[in-house]
There are 2 protein chains.
Amino acid sequence: MYRSHTCGELRISDVGASVTLSGWVQATRNFGGLTFVDLRDRYGITQLVFNQDEQPELADQANRLGREFVINAEGVVRERSNKNPNRPTGDIEIDVLRFSILNAAKTPPFTIEDETDGGDDLRMKYRYMDIRRNPVKENLIFRSNLSLQTRLYLSQQGFVEIETPNLIKSTPEGARDFVVPSRMNPGQFYALPQSPQTFKQILMVGGMDKYFQIVKCFRDEDLRADRQPEFTQIDCEMSFVTQEDILNTFEGLTRHLFKHTLDLELGDFPRMSYDEAIKRYGSDKPDLRFDMEFVELNEVAQGKGFGVFDNSELVVGITVKGQADAYSNKDIKKLTEWMQRPQIGAKGLVYIKYLNDGVKSSVGKFFDDDELNSWKEKLEAETGDIVFILSGEEEKTRKQLNELRLEMGRKHDLIKEGDFKPLWVVDFPLLEWDEESNRFHAMHHPFTSPKKEDHQRMLDGDHETMKSLRADAYDLVINGSEIGGGSIRIHDRALQSKNFDLLGFSKEEAEAQFGFLMGAFEYGAPPHGGIAFGFDRLCAVMNGQASIRDFIAFPKNNQGKDVMIDAPSLIDGEQLDELNLALNLQEKED
Amino acid sequence: MYRSHTCGELRISDVGASVTLSGWVQATRNFGGLTFVDLRDRYGITQLVFNQDEQPELADQANRLGREFVINAEGVVRERSNKNPNRPTGDIEIDVLRFSILNAAKTPPFTIEDETDGGDDLRMKYRYMDIRRNPVKENLIFRSNLSLQTRLYLSQQGFVEIETPNLIKSTPEGARDFVVPSRMNPGQFYALPQSPQTFKQILMVGGMDKYFQIVKCFRDEDLRADRQPEFTQIDCEMSFVTQEDILNTFEGLTRHLFKHTLDLELGDFPRMSYDEAIKRYGSDKPDLRFDMEFVELNEVAQGKGFGVFDNSELVVGITVKGQADAYSNKDIKKLTEWMQRPQIGAKGLVYIKYLNDGVKSSVGKFFDDDELNSWKEKLEAETGDIVFILSGEEEKTRKQLNELRLEMGRKHDLIKEGDFKPLWVVDFPLLEWDEESNRFHAMHHPFTSPKKEDHQRMLDGDHETMKSLRADAYDLVINGSEIGGGSIRIHDRALQSKNFDLLGFSKEEAEAQFGFLMGAFEYGAPPHGGIAFGFDRLCAVMNGQASIRDFIAFPKNNQGKDVMIDAPSLIDGEQLDELNLALNLQEKED
């Protein structure tokens, strides 16, 4: 028997018991006649004691134990004289009578502590040691709990978890597919799913009524800091529902998850139209943990002789409460430079400080104090506040001010730790016109339904009409992160066909790629809709962490590599032959 | 609102209620003045009634409804005069006041009934209609319940569900990998996992202690009738355990699953060594729902002048109780031919009938009645029984007799419906010597540990010693199907290295493919072991079905094709270029 108890289990009530523990050596301390060994496993740390006088041989062996050795020890639980109140097992220790080394360990390349000295690359290469660290271990356990709670809730609501296939068909729409050559069908390829979208719709046509799946999805995109080529989503679809049904169901799920993993009762789930979110926050995923809404200033700021404002489509500002004194000229210069970085691309940054001794502003030459004071009401600004103003083309300017707003929130600690502010963003546009490709793009995806009142306008309308169509599409945003999104789907062949047409599919392309779905719509497709939550992201947001990486046991790096197993890698020529493939590396050099 | 109730929900107590239902038209019946529509959804069927006299327009519309139309109907629940006791909603019907067609349907290509007229190909092409049929729908719901119960049980036992990556590294050991070209790493490939084996071991080295995952796995094998290129397993691993711990834990899981999905209490989980299973049943997955054990007859049958027996390594028989009269000479000839088919390959079949009026046997010339009667005790045969005997090379003969035993079980209805007989087969050989490749093969897989008492023999022994090593490996067999298998793993670099060596890996190959795992063993690897259950197979066996296909929402056919979506398929030349690949179809013609 390797153990009678875990290393997190023994308490003062166990004193006197004979026990067997197994685990890793976290640390050894030799105090003259006594050697203490902290023995660690997933469940905690228990102190082992070896007495040099009583058992010199055992104590000598204990003194030679290295960090991360795996050992097995038998002994008797006794009360500690020096209790450790920070540790659940801190009242007791084990007087060891026998122990053996199950496996020795080389010196770890980084410390197995909550705060480690290991850099990212080292941690990933030796992920098996990194996972022993509490922060990573706890994240993985959290994720497991979250997935179980998701399944419990959705099952209780009558959802059926159905596995959809991973070897499917490549479709050029959307992101790039990972493909899988088929040996049995020479020259042909499967694709890995970017999402189970069409399958879950097919399941609705199949009468399954309520489907969910926690499912791996795959996108061969150039990886940004926090993207992974494989990621996980909570994927759902329901029949005979309206947007309202779906929003209520998944508000319920979200409440359940916060309640049963964090013991938190979430507040309201307000709803905001896409247009309103853009207008008030310059973003379709506003962070509502702090206010600082956008204030449009065209009315008061234009026509006063300041050309930059006068020639702008939009003049818009935010008020940062009580921070007028916090910004020296140098600070403002730095902030302006930050806003001018290519990632944001603002041309400049106008400020107004409302000070005790008057108004100070970078546009003081064009607007006198009275003028600027008259803006206070609109800006909801008081003495002591600083206002930042951007101007220019409307869409760009809003995006830039969104970045500044978020920066102000972070910089001035406006975000309370442990605060969660959910928001449904609704009424997205159905289509976006793309000048470059001279066609429409789907704002959500090609299966999203226009709002019911827009169906006929979509079938009959002209080009301009298409730009004004609204979709039954919705995103769940928490703390400024998009947790998930979904839509009511088209379930009618004519409408789906029109949509493919607008999106630039020829009849033949649409038929070749999605003929099975449009065919299914002709055999009794119910009205249906669904949603998908990004599961990795949800884990991170719920834990107030910016990165999803440590919620994934074995993440890939920014080159799409798993540095522990060294994947991807070359394969045998024989394997390539069997797959009827040849490498074609030269052409790349063009 | 699409519905106030489902089609399976309304009862006599709802009479008088105003309700709204949505669903599919299962059937319409027009009886003069009344039209009945059976409205179906996932939950059941409810009868709608339209009265020609009272609402002629509505009734006319109802009469025009086709099968599988999707409709929405409002009305009042009323008691039926002709109750249908076979249907939970059979006491009531809906007097319809308003209805609308949500979607029309073409005539389905096969009937949406429990017994359909659709062949396999048609059912797969229109899987969305096939799934509407109760047998398929119920299978998918069963599977969902089974996965939830698996997760509940294992979570209660402290297991953490951890997702392992799908884009991993190709290793030539085992079955053929599906590979995925990496665009970002030209010329390199990921592989899809055949199992999460090395990752789950890494998680044990990472201290996760108890891991599980219900996970898709992939094997690019030529497909037999009941194999799928992607399949699902319940995958588990535990640290600081012996074989005994794992067997008990997964006996517990299996009991829980039968109890909570089928409401069945399983009986004993006996254990049988691999050698014993082969000796008694000629199979390492014996079906214990009926007896008919093998009886070795060398002692009594050899040396009596019958050359066929005398020159055989093994003479072995089975006794079929009470069936002596059931086999005419013609029947025995047919059975002999069945045994001689290439799939089985027996040379001949000897029988002995113990009849009221004496003994009749195909070897009567060589053994007189007294002689044959003297075998009765050994054979546990009585008057009325027939005995079948095979002889030849030991291993082949046992396999052939296993086939005959199973055929007898089926043919003579020895298998009680709803009976489940689990069995742990243990003490598998570690290695099999393969003459053709002139090397050992792993009986389970290369990470399986020899039994503790064999460790040193493995490190020091000669070639012959290796053949006698026993593994800490075990299979769970239910009703003659292998549900799962596992082993205690090697956690020591030297032993793992020796195993790779025996399996024909060069030091370099072992390092390139599994260096990360052997490296991990040097940084504190705990003793560990695990098991995996075939989830698709488990679903089928629990439901007494031979095929796994209808427990998979979207299975592939024997050519690895999904005929509904038409995958795999050709991809763009542009996609190939991006992946640095070219097709190489000519070489195949060699």
Side-chain angles (χ1 to χ4, degrees), chain A residues 2-3 22 24 42 68 70 103 105-106 128 131-132 140-141 144 148 155 160-162 165-170 178 180 182-190 202 205-207 209 216 220 230 240 516 520 522-526 553-554 560 564-565 567-569 571 580-585 588, chain B residues 2-3 22 24 42 68 70 103 105-106 128 131-132 140-141 144 148 155 160-162 165-170 178 180 182-190 202 205-207 209 216 220 230 240 516 520 522-526 553-554 560 564-565 567-569 571 580-585 588:
Chain A
Y2 285 110
R3 61 187 175 194
S22 288
W24 286 260
R42 181 182 121 197
E68 301 306 313
V70 183
N103 218 340
K106 293 196 208 167
Y128 42 87
I131 290 173
R132 291 181 200 158
L140 295 179
I141 292 174
S144 178
L148 185 66
S155 300
V160 180
E161 184 162 24
I162 300 175
N166 273 13
L167 296 172
I168 65 165
K169 182 174 175 156
S170 189
F178 282 107
V180 181
S182 166
R183 181 182 53 86
M184 288 171 72
N185 301 279
Q188 299 189 13
F189 292 76
Y190 302 101
I202 286 287
V205 182
D209 207 70
K216 274 278 178 76
D220 184 14
E230 49 180 310
F240 301 117
F516 68 98
E522 296 183 305
Y523 285 102
F554 302 102
M564 181 183 77
I565 63 170
S569 61
I571 61 173
N580 308 287
L581 289 178
L583 296 184
N584 183 21
L585 296 170
K588 214 56 189 178
Chain B
Y2 285 109
R3 61 187 174 194
S22 288
W24 285 261
R42 182 182 120 197
E68 301 305 314
V70 183
N103 219 342
K106 292 196 208 168
Y128 42 88
I131 290 173
R132 290 182 201 159
L140 295 179
I141 293 173
S144 177
L148 185 66
S155 299
V160 181
E161 184 162 23
I162 300 176
N166 273 13
L167 296 171
I168 66 165
K169 183 174 174 155
S170 189
F178 281 106
V180 182
S182 167
R183 182 182 53 86
M184 288 170 72
N185 302 278
Q188 299 188 13
F189 292 76
Y190 302 100
I202 286 288
V205 182
D209 207 69
K216 274 279 178 76
D220 184 13
E230 50 180 310
F240 301 117
F516 69 97
E522 297 184 306
Y523 285 102
F554 302 102
M564 180 183 77
I565 63 171
S569 61
I571 62 173
N580 308 286
L581 289 178
L583 295 185
N584 182 21
L585 296 171
K588 213 56 187 177

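Order of the sequence lines fixes the chain letters, A, B, ..., with proteins taken first and strands second; residue numbering starts at 1 for each chain. What you are looking at is a predicted structure, and each value in this text was computed from that prediction instead of being measured.
- Looking at every heavy atom in both residues, B/Ser170 comes nearest to A/Ile571 through CB-CG2, 4.0 Å.
- When the candidates B/Ser155, B/Gly560, B/Ser22 are compared by the number of heavy-atom contacts under 4.5 Å with chain A, B/Ser22 comes out ahead.
- When heavy atoms are compared at a cutoff of 4.5 Å, B/Ile141 approaches chain A by way of both its backbone and its side chain.
- For the atom pair A/Leu581 CG and B/Leu585 CG, the distance stands at 8.5 Å (nearest 0.5 Å).
- The parts of A/Met564 that come within reach of chain B are both its backbone and its side chain, each placing non-hydrogen atoms under 4.5 angstrom from that chain.
- Using a 4.5 Å heavy-atom threshold, the side chains of B/Ile202 and A/Phe554 count as touching.
- Legend: residues meeting side-chain contact (heavy atoms from CB on, under 4.5 Å) with B/Ala525, ordered by chain and number and at least two apart, are A/Asn103, B/Val205, B/His491, B/Phe521.
- Comparing A/Ala105, A/Gly207, A/Gly524 by how many heavy-atom pairs each has under 4.5 Å with chain B, the most go to A/Gly524.
- A search for salt bridge (Lys or Arg N to Asp or Glu O under 4.0 Å) contacts involving B/Arg3 returns A/Asp209, not counting sequence neighbours.
- Only the side chain of A/Ile162 comes within contact range of chain B, judged by heavy atoms closer than 4.5 Å.
- Proximity to chain B involves both the backbone and the side chain of A/Ser569, based on heavy atoms less than 4.5 angstrom apart.
- Here the shortest heavy-atom pairing between A/Glu230 and B/Leu167 reads OE2-N, 2.9 Å.
- Residues A/Pro568 and B/Tyr190 are in side-chain contact: their nearest non-hydrogen atoms beyond the backbone lie under 4.5 Å apart.
- Contact between B/Lys216 and A/Asn166 at its shortest, heavy atoms only, is NZ-N, 4.0 Å.
- We find the CD1-NZ distance between A/Ile565 and B/Lys169 to be 7.0 Å, quoted to the nearest 0.5 Å.
- The CG atom of B/Asn580 sits 8.0 Å away from atom CG of A/Leu583, with the distance rounded to the nearest 0.5 Å.
- Contact between A/Val180 and B/Val180 at its shortest, heavy atoms only, is CG2-CG2, 3.9 Å.
- Looking at A/Lys106, both its backbone and its side chain come within 4.5 Å of chain B, counting heavy atoms on both sides.
- Taking B/Ser144, B/Ala567, B/Gly187 one by one and counting their heavy-atom pairs under 4.5 Å with chain A, the maximum is reached by B/Ser144.
- For A/Ser182, the part sitting under 4.5 Å from any heavy atom of chain B is the side chain, from C-beta outward, and nothing else.
- The heavy-atom pair separating A/Trp24 from B/Phe240 by the smallest distance is CZ3-CE1, 3.8 Å.
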